[in-house]
Amino acid sequence: MSHRTISQNTKQILAKYKLGLKKSLGQNFLTDDRVLERIVDAADLDEQAGVIEIGPGIGALTERLSERAKKVVAVELDQRLIPVLREIFEKQSNIEVIHGDALKVDFHEIISENFGECNSIHVVANLPYYVTSPILIRLLEERLPLQNIVIMIQKEVADRLVAKPGTKDYGSLSVLVQYYTETSLVTKVPSHVFVPRPNVDSAVVKLSRRPEPAVNVSNEGLFFKIVRASFAQRRKTLLNTLHSQLFSHLAKTDVAEFLTQAGIDPQRRGETLHLAEFAVLTEAWERFSQGR
Ligand code: SAM
């Protein structure tokens, strides 16, 4: 039996429900079944998997996810889409549509209320680009019990998530994400597969949660403070940027001494440091500040 997917019916569904799309909510809907398939494949779902989808739109990805997972909870901010989604998925008992803001909903509660019988939990989403970073940071910092996160995002942001030290894309977001997860680029996605067509290219990225963070630090807050300060003025040396951003209460010579004691050349730029070196700096600062 041939069956038209939601993505193939995007224009008809938008017309039927008289839905104008809101640019302000990042509403660019995916209309390519092969791309949808690649996203779902990358998540490694099985019949015991629980999936949180952020921003289901009219449900193109939701439909695919529900065929492969035990349960899908789709969180959509646009109130107009809630009755549409509920009608489209009326007969699918493994889809729960929640009206909410992914920046505010209680993910721990969503997980405990919906995925009790699931063996693994995943986030899979074609994310609204204007809130990609805050949503991602939330998902990681809240230490949700996720096996992986597979997201379609703006290509430039994808490059930052997988960037290696010493490259122009490497920054504090790269370190944060790589601290908690192993990142890989699944595929690039051209803009013409969306309705409406966005101005930017996109990419799908997979983030697999590490059992333990990539490096061991005794003070995570300090680790991230040092990381942010190190990237705050990218053209400056580590010595200058750390002095002005974090250690302005010290003489510059003391900051230089601290870096040297840590085995990091003060003349290097922050963007050349690997995660392990940021960890070394964090531990060295704890020792250095205690000895003063
Ligand atoms: N999943 C659909 C697809 O792949 O075609 C739609 C993706 S569209 C890029 C992003 C969706 O996220 C829109 O439906 C938008 O209304 C929704 N959205 C925007 N901001 C949101 C937020 N803060 N929380 C939840 N959903 C949001």
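Indexing begins at 1, ligand by ligand and atom by atom, following the structure's order. Note that the numbering runs from 1 along the sequence shown for the chain. The model shown is predicted, which means the values in this text are computed figures rather than measured ones.
Heavy-atom proximity to atom 15 (C) of ligand 1, evaluated over Leu77, Val35, Leu25, is greatest for Leu25. Closest to atom 2 (C) of ligand 1 by heavy atom, among Gly26, Pro56, Ala60, is Pro56.
Only the backbone of Asn28 comes within contact range of ligand 1, with a heavy atom under 4.0 Å; no side-chain atom does. Within the 4.0 Å heavy-atom criterion, the part of Tyr130 lying near ligand 1 is the side chain and not the backbone. Contacts with ligand 1 closer than 4.0 Å are made by no heavy atom of Lys22, backbone or side chain.
Ion pairing between a basic and an acidic side chain is recognised when a charged N comes within 4.0 Å of a carboxylate O; Arg268 and Glu277 show such pairing.
Those atoms of ligand 1 with a heavy atom of Gly55 less than 4.0 angstrom away are 1 (N), 2 (C), 6 (C), 7 (C), 11 (C), 12 (O), 17 (C), 26 (N). Close contacts of ligand 1 with Gly57, meaning ligand atoms under 4.0 Å from a residue heavy atom, involve 6 (C), 14 (O).
Not a single N or O atom of Asp78, backbone or side chain, sits closer than 3.5 Å to an N or O atom of ligand 1. In terms of polar-atom proximity, Leu103 is not counted as a contact of ligand 1, lacking any N or O under 3.5 Å from an N or O of the ligand. Backbone and side-chain nitrogen or oxygen atoms of Leu30 are examined, and one is located within less than 3.5 angstrom of a nitrogen or oxygen of ligand 1.
Side-chain contact of Lys71 with Asn114: a donor-acceptor pair under 3.5 Å is present, judged by distance alone.
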Walk me through it: do Asp44 and Lys206 pass the test side-chain contact (heavy atoms from CB on, under 4.5 Å)?
-> CA-CA 10 Å; Asp44 294 327; Lys206 177 175 183 175; 2.8 Å; yes
Can you check side-chain contact (heavy atoms from CB on, under 4.5 Å) on Leu207 and Leu136, steps first, answer last?
-> CA-CA 10 Å; Leu207 315 176; Leu136 198 50; 3.5 Å; yes
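With contacts defined as side-chain heavy-atom distances shorter than 4.5 Å, the pair Asn28/Tyr129 does not qualify.
Proximity of a side-chain donor or acceptor of Tyr170 to a complementary backbone N or O of Leu273 within less than 3.5 Å is detected.
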